[in-house]
2 protein chains.
Amino acid sequence: MGVSDQKEATASKEKPLKHVLLAGIYSQPRSGYELTKWMQVAGQHCWSVEHSSVYPALRELEKDELIKSERLPGTRGPERSIYSITAAGLEKLTAWVANGSPRPAIKDEQLLRVLCFDLLPREVALAQIRSVRADHQAQLEFFLERQSVLTEHQPGPLLVTRRGVLAEQAYIAWCDEVEEMIARRPD
Amino acid sequence: MGVSDQKEATASKEKPLKHVLLAGIYSQPRSGYELTKWMQVAGQHCWSVEHSSVYPALRELEKDELIKSERLPGTRGPERSIYSITAAGLEKLTAWVANGSPRPAIKDEQLLRVLCFDLLPREVALAQIRSVRADHQAQLEFFLERQSVLTEHQPGPLLVTRRGVLAEQAYIAWCDEVEEMIARRPD
DNA sequence: CTGTGCATGTAACATGTTACATGATTCA
DNA sequence: TGAATCATGTAACATGTTACATGCACAG
């Protein structure tokens, strides 16, 4: 009993990245390269790391037999390892999914800049917030395009995309409020 | 030429935390303890670190003469150092505020869980998303309360709080979409 | 007189980035 | 033939967390 108990006790505090990778592999077998792209594009608003963190994590997951790999020649490019989830991995992923998450961590420097906007001439502040707005507008359009090709048959990807849409719309609405308030302020 | 050029070249890539602290001190002179609280409460959706990162950063800022400290007896509690921003610090902060920010980094495990919700029995998934919604509802109420005591005379804090309100409302709206879609799905 | 909040600090550890390194394939 | 993309990997570094450590002051 002792051994397996210990394993289950430590299971919950495992690195989030490993679970993210498990989720990515579960949703579709992928290579390390593809997983990196997936995180940076589709999962942009979920979790994203550089490839240098991905490959070691994959090797650990494989060592623990939560995933298995298959060498395949690249369609265009060199050979790569395609990972797929094992029964043990699926079990672990399910247990993780069943747990609640802490509130998402946010690191948004732009908010701090807005907090200090009275340091800037009005025109500079206005230009900045408009540029930020444009950036989020572009991101919104990306999510809207993804949304349009998804159906309720893929509820997971659809809901993740919906989150992107709603989040970007909220950010844009906030930018508009910021712009309005700056415009009203005496210079 | 060489020396000051180098200093200005490296200036832009300084640690974000230092700028966050400068912003916090600029908005109001504070102690390390108060800055930590400020980040975790008011700045919850901006930038937040533990106190163990704050004190060393403050000492570096003081060493660079961007802030200065004053020892004061605590109103109730031990003596503390109250930091205020210097002219050099204000200059640096202004330069930072004038720059644009990269898009905010988000680490939201919950999205990945929803991506894999088909692994869970419907009731478990429903319970989870409702609990997440309640958490964000509570956070929304916190921001709404802050908003109600702020006026346009403090545009900075007001806009930061507005961001909190809009962000939480968007998250709650998303939770509702998730709940709806799960409820519709065959079990 | 004990717990809670105020207040500061250090050290070991975890996690992730940047930069360095390599090499294949495809397209212009 | 040179740039772009695919594909994987390592090592040094940056940043932040957890845990450990200390001590005052006030309330119950």
Side-chain angles (χ1 to χ4, degrees), chain A residues 10 12-21 24-25 29-41 43-44 46-63 67 69-83 102-109, chain B residues 10 12-21 24-25 29-41 43-44 46-63 67 69-83 102-109:
Chain A
T10 53
S12 49
K13 61 166 182 130
E14 269 220 74
K15 327 181 169 191
L17 174 56
K18 289 198 184 180
H19 296 289
V20 174
L21 291 173
I25 291 164
R30 291 178 225 250
S31 67
Y33 185 85
E34 288 168 330
L35 283 163
T36 307
K37 289 288 165 209
W38 171 72
M39 285 192 284
Q40 288 171 354
V41 178
Q44 208 278 335
C46 305
W47 200 282
S48 179
V49 298
E50 298 299 317
H51 73 267
S52 54
S53 307
V54 170
Y55 294 111
L58 286 173
R59 250 171 287 134
E60 280 178 59
L61 285 170
E62 190 168 25
K63 197 194 64 197
I67 60 177
S69 65
E70 193 186 354
R71 294 295 283 188
L72 284 182
T75 39
R76 49 177 179 287
E79 205 182 43
R80 64 254 154 85
S81 292
I82 302 291
Y83 292 93
R103 235 176 280 137
I106 301 174
K107 303 249 147 157
D108 187 353
E109 297 182 29
Chain B
T10 52
S12 49
K13 62 168 184 127
E14 268 221 75
K15 327 180 168 191
L17 174 57
K18 289 197 183 180
H19 295 289
V20 174
L21 292 173
I25 292 165
R30 290 178 227 249
S31 68
Y33 186 84
E34 287 168 331
L35 283 163
T36 307
K37 288 289 163 207
W38 171 71
M39 285 192 285
Q40 288 172 352
V41 178
Q44 209 277 335
C46 305
W47 201 282
S48 179
V49 297
E50 298 299 318
H51 73 267
S52 54
S53 307
V54 170
Y55 293 111
L58 286 173
R59 251 171 287 133
E60 280 178 59
L61 285 170
E62 190 170 24
K63 197 194 64 197
I67 59 175
S69 66
E70 194 186 354
R71 294 295 282 186
L72 284 182
T75 40
R76 50 179 180 286
E79 205 181 42
R80 65 252 155 84
S81 293
I82 302 293
Y83 292 93
R103 235 177 280 138
I106 301 174
K107 304 249 146 156
D108 187 353
E109 295 182 30

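Just so we're on the same page: letters track the sequence lines, and every chain starts at 1. These numbers were taken from a predicted model, which means no experiment stands behind them. Just the heavy atoms: all of them, side chains too, but no hydrogens, waters or symmetry mates, feed the values below.
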Go through D:dT17, C:dT8, D:dT8 for me and flag the one nearest to the B:Glu50 side chain. D:dT17
Donor-acceptor under 3.5 Å (B:Ser53 side chain, B:Val49 main chain): no
Of B:Pro56 and B:Glu34, the one whose nearest nucleotide on DNA chain C sits closer to the 5' end is B:Glu34
Contacts of B:Lys107 and B:Arg71 projected onto DNA chain C by closest heavy atom; the upstream (5') one is B:Arg71
What is the distance, to the nearest angstrom, from the NZ atom on B:Lys15 to the C1' atom on C:dG16? 15 Å
Which nucleotide in C:dT15, C:dA7, D:dT8 has an atom nearest any side-chain atom of B:Arg80: C:dA7
Atom CG of B:Leu35 and atom P of C:dC6 are separated, to the nearest Å, by 15 Å
What is the distance, to the nearest angstrom, from the NZ atom on A:Lys37 to the P atom on D:dA7? 10 Å
Are the side chains of B:His19 and A:Glu109 in contact, using a 4.5 Å heavy-atom criterion? no
Would one find a side-chain N or O of B:Tyr33 under 4.0 angstrom from OP1 or OP2 of C:dT8? no
Among D:dT18, D:dT10, C:dT8, the one nearest B:Ser52 by side-chain distance: D:dT18
Rounded off to whole Å, could you give me the NE2-to-P distance for the A:His51 and D:dA7 pair? 13 Å
May I have the distance from B:Arg30 (atom CZ) to C:dT8 (atom C1'), rounded to whole angstrom? 18 Å
For A:Lys18 and C:dG16, what is the distance between atoms NZ and C1' respectively, to the nearest whole Å? 15 Å
As a test of reading the structure: which of C:dT17, D:dG16, D:dT10 is closest to the side chain of A:Arg59, going by heavy atoms? D:dT10
Strictly below 4.0 Å: does B:Tyr55 bring a side-chain N or O up to OP1 or OP2 of C:dG9? no
Could you tell me the separation between the CH2 atom of A:Trp47 and the P atom of C:dT17, rounded to a whole number of Å? 10 Å
Just compare C:dT8, C:dT18, C:dG16 and give me whichever is closest to any side-chain atom of B:Ser81. C:dT8
For atom CD of A:Glu60 and atom P of D:dT10, their distance in whole Å: 12 Å
Residue pair A:Glu62 / A:Tyr83, side-chain heavy-atom distance below 4.5 Å: yes
Distance from A:Leu61 atom CG to A:Leu21 atom CG, nearest 0.5 Å? 6.0 Å
Within the 4.5 Å heavy-atom criterion, are A:Arg71 and A:Arg80 side-chain neighbours or not? no
